[in-house]
There are 2 protein chains.
Amino acid sequence: MLENIPSDVGRAEQGLGRNRDHVRQHNLSTILTLLHREGALSRSVLTQRTSLNRSTISDLVSELESLGLATEAPTVSGGGAGRPSILVRPSDSVVAFAVAIDIDAISVAAIGLSGHKISLKKRRTPDAPAVGTAVVVIRDLISQLKSELGAGIRIAGVGVAVPGQVRQEDGLVRQADFLNWREAHLAERLENEINLPVFIDNDARLGLRAEHEFGSGRDLTDVVYLIGRSAGVGGGAIVGGRPLSGTSGYGGDLGLIRISEGPLIQLSGHPGTLADLIQRDELLDATSLSDADDPTLLDYVRDHPSSRIRRVITAQVDALALGISSLINLFNPQAVILAGYLSILHALDAERLRERISLSALSHSLDDVHIIAVPVSSSRLLIGAAELPFGPLLNAPGVFTFRNPTSLRAISD
Amino acid sequence: MLENIPSDVGRAEQGLGRNRDHVRQHNLSTILTLLHREGALSRSVLTQRTSLNRSTISDLVSELESLGLATEAPTVSGGGAGRPSILVRPSDSVVAFAVAIDIDAISVAAIGLSGHKISLKKRRTPDAPAVGTAVVVIRDLISQLKSELGAGIRIAGVGVAVPGQVRQEDGLVRQADFLNWREAHLAERLENEINLPVFIDNDARLGLRAEHEFGSGRDLTDVVYLIGRSAGVGGGAIVGGRPLSGTSGYGGDLGLIRISEGPLIQLSGHPGTLADLIQRDELLDATSLSDADDPTLLDYVRDHPSSRIRRVITAQVDALALGISSLINLFNPQAVILAGYLSILHALDAERLRERISLSALSHSLDDVHIIAVPVSSSRLLIGAAELPFGPLLNAPGVFTFRNPTSLRAISD
DNA sequence: CATATTTGTTGTCTGTGGCAACATATAGTC
DNA sequence: GACTATATGTTGCCACAGACAACAAATATG
């Protein structure tokens with residue numbers, strides 16, 4: 001009864017040809033995706049954005065409504081002369097569960113199709129959780145969320161953010177050093193447990209995805225993303241509007257970019273790379289703090305200047321600049337987004353960072369790029385994770401089938 | 001009368017929606033592109049590959065024929081039972097001119113729509129040509145080729161390979177150090193001269209393009225490409241089936257990947273990068289050769305081992321390995337293609353290269369990748385360049401208009 | 001209250017691909 | 001060599017998505 005992994009509808013097309021059904025699916029998908037990204041749009045705006053005919057939009061929207069994927073709000077006036085247009089919004093009776101697995105906690109959120117968080121559950125774990133523990137915790141939290149949501153809610157699936165290398169085709173966690181996981185069949189086990197399609201991806205890439213679709217990377221086609229988190233420096237890239245994932249899904253881990261030769265012996269980490277040379281703990285050790293979240297750390301460092309702290313920051317900023325300039329040369333992006341701990345480094349010495357970057361980046365590519373620092377909120381990451389199960393739905397709204405909700409309800413009993 | 005740059009039909013779509021015409025264009029494009037890539041295909045194969053109906057294929061093919069873009073060869077038998085299928089081939093009465101500008105020569109070739117070279121003209125230049133010189137030489141060679149081709153030939157346009165950074169939107173050569181060009185309006189000037197749509201791109205990227213569409217990178221979705229040429233180390237990447245180009249087109253120059261810190265002062269080159277640390281001349285200097293092409297150099301080095309040569313090779317192989325491993329970690333590709341001088345390095349010590357790569361690449365990504373060395377032939381590069389003008393034709397065969405051929409004929413008079 | 005403007009709705013039309021039946025051409029078998 | 005099985009091209013008809021035009025509805029402006 002269970003299928004191993006949901007067929008990712010509409011992702012890989014069978015044939016190269018296109019027929020009428022494809023057109024319909026494409027247009028439904030386009031509209032629903034627009035609504036999902038923007039939250040709500042009037043029909044007239046949809047007409048403009050898609051350059052489809054008014055009557056076609058009308059038809060498509062009513063199909064989305066009958067599919068229960070969109071609802072119409074009463075007309076909104078005040079937009080100038082003429083008949084006011086009907087507002088269409090994605091239905092928040094369709095949700096996805098987003099999961100973030102961190103070293104010390106597991107969070108699960110219900111995210112509505114409009115891209116907004118509906119509710120959140122978080123459970124702290126004493127240590128990095130084992131795979132089995134994670135499965136149980138996730139199942140419980142989802143079960144709680146589900147009963148809170150009540151009936152009449154349809155669930156697209158579950159998306160999980162893991163700090164490690166994940167094989168995309170089956171959601172196998174190949175290696176997650178900070179969790180001490182190897183070859184963990186998380187997707188499969190979770191799917192057996194909760195009977196929902198489960199997708200897994202690297203957390204940094206999901207952070208980028210959220211940033212790209214809803215945050216400061218909106219509407220950009222080429223983005224480089226670097227994030228400093230408890231589990232080291234990670235990264236991702238948007239290339240030509242699409243995420244860089246590589247053949248199996250290990251690609252785009254830009255924290256692994258090399259900036260110095262490093263020892264040529266394979267250690268546990270990756271010597272000579274950005275991830276190796278920028279360690280949050282190094283700065284933390286230079287303070288008298290034992291543990292601190294990013295805002296606390298930033299405040300402390302600002303209030304307690306010392307030459308040791310200064311040295312650490314300078315060295316890390318320089319390393320970051322070398323990495324970023326190399327990435328700018330490789331990707332010629334519109335933006336470099338720094339998140340988490342790296343945005344702290346940016347806040348501490350943006351000027352030096354900029355200077356150092358311009359020393360070794362191509363001037364033409366440099367002209368195109370904006371360096372953007374964003375604080376990382378765990379909810380951003382969760383929103384990115386929810387995009388995973390929403391993907392198949394958004395790609396083919398007409399043929400997507402929600403998985404058996406009755407057997408789901410049984411879990412919470 | 002002249003338009004500045006041909007509108008790249010079908011590249012950037014106006015609206016997100018899709019209607020009937022889009023379907024037709026898409027299917028025509030799909031079929032013509034398949035024919036272009038494969039050289040010739042039977043109708044039945046087209047049916048299978050596109051998963052369109054036989055009758056539809058029949059209709060589409062006859063439209064391509066009436067557009068003069070495809071011809072039908074007599075049926076070919078011997079393929080098992082059943083009525084033999086009609087072979088369809090791209091019409092070689094449609095050609096593109098491909099230009100390669102090198103330090104010491106300019107080559108122009110006529111490439112047929114089937115992707116095969118029809119004829120080639122090469123003119124040596126004493127030094128790196130100035131822009132004006134290049135324009136004149138190219139015009140003359142094209143004019144010669146055109147008169148050889150005779151009447152009844154339609155020309156899709158001109159594609160130029162330049163060793164430097166090229167802005168894609170208008171073909172402005174921003175910087176080509178080895179030619180001593182800055183902000184050279186090559187496309188515009190050439191277009192005024194010969195009244196054909198002119199496209200320009202970085203030569204390494206075009207080498208990759210040829211390799212990806214016709215060579216050892218066929219059917220791969222993620223490829224990393226590095227080429228050693230007279231004008232230093234260049235590179236390119238295919239990400240998710242599409243070329244990595246960045247916002248303005250400077251992206252993908254993988255020769256600029258950093259492998260050591262290098263001096264932090266901006267010199268003329270890019271210290272610490274692959275392009276900086278792998279210099280063909282360094283090996284050449286270690287020999288008694290004054291000048292040599294790649295095969296000659298390889299033979300010499302094999303026949304005259306010396307400790308100095310050995311040192312140079314080892315250092316360069318190690319540098320290459322560091323660069324490649326970093327790229328493997330970033331891109332998780334199916335193949336790393338080494339071309340030109342780099343394929344010599346590979347030939348000289350493939351084992352050490354492999355070993356060194358596996359020291360610093362992620363094991364999971366390493367499992368996916370093949371290291372492939374190809375000799376670089378200038379014709380490969382030209383075939384890549386021809387893809388530029390073929391692009392708009394292949395993307396929208398139904399609406400592509402060939403530019404006024406009468407004024408063209410006037411040139412050769 | 002009249003007019004201009006914009007948008008939603010409805011019915012009709014166009015054109016593209018699907019489909020089924022038939023025609024055609026080969027290989028294999030007796 | 002005739003017959004059968006198989007595969008492909010051809011033809012006429014159909015289904016259906018989106019375009020279009022005419023009309024209705026709802027607002028702003030004077």
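Quick caveat, the model's predicted, so the values are computed rather than measured.
Distance, A/H26 NE2 to D/dC16 P: 21 Å, rounded to whole Å. Separating the CG atom of A/L28 from the P atom of D/dC16 is a distance of 15 Å, rounded to the nearest angstrom. Counting to the nearest Å, the C1' atom of D/dA25 and the CZ atom of A/R54 are 12 Å from each other. With rounding to whole Å, A/L87 atom CG is found 14 Å from C/dT7 atom P. When the C1' atom of C/dT9 is taken as reference, atom CG of A/D59 falls 11 Å away, rounded to whole Å. Atom CG of A/N53 and atom C1' of C/dG8 are 11 Å apart (whole Å). Regarding A/E65, its CD atom lies at a distance of 12 Å from the P atom of C/dG8, rounded to whole Å. What separates CZ of B/R24 from P of D/dA19 is a distance of 17 Å, to the nearest Å.
The phosphate of D/dT8 (OP1 or OP2) has no side-chain N or O of B/S42 nearer than 4.0 angstrom. Contact between the side-chain N/O atoms of A/S44 and the OP1/OP2 oxygens of C/dG8 is not found at any separation under 4.0 Å. Side-chain nitrogen and oxygen atoms of B/S85 include none within less than 4.0 Å of the OP1 or OP2 phosphate oxygen of D/dT8. Between B/S58 and the phosphate of D/dG9, there is no side-chain N or O to OP1/OP2 separation shorter than 4.0 Å.
Mapping B/A81 and A/A81 onto DNA chain D via the closest heavy atom, the residue that lands nearer the 5' end is B/A81. Position along DNA chain C of the nearest nucleotide to B/T56 versus A/I86 favours A/I86 as the more 5'-ward residue. Toward the 5′ end of DNA chain D lies the nearest nucleotide of A/N27, the other residue of the pair A/N27 and A/G82 mapping further downstream. Position along DNA chain C of the nearest nucleotide to A/R83 versus A/S55 favours A/R83 as the more 5'-ward residue.
Side chain to side chain, B/E213 and B/H36 fail the donor-acceptor criterion of an N or O pair below 3.5 Å. Of the N and O atoms on the side chains of B/D222 and A/T247, not one donor lies less than 3.5 Å from an acceptor on the other residue.
Put simply, the side chain of A/L393 reaches to within 4.5 Å of the side chain of A/V94, judged on heavy atoms.
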Carefully, step by step, assess A/S93 and A/R154 under the rule side chain to side chain donor-acceptor pair (under 3.5 Å).
CA-CA 6 Å; A/S93 70; A/R154 287 182 300 170; 5.3 Å; no

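Checking side-chain atoms of A/E211 against main-chain N and O of A/S216 turns up a donor-acceptor pair under 3.5 Å.
Side-chain atoms of A/R43 lie closest to C/dT9 of the nucleotides D/dG18, C/dT9, C/dG17.
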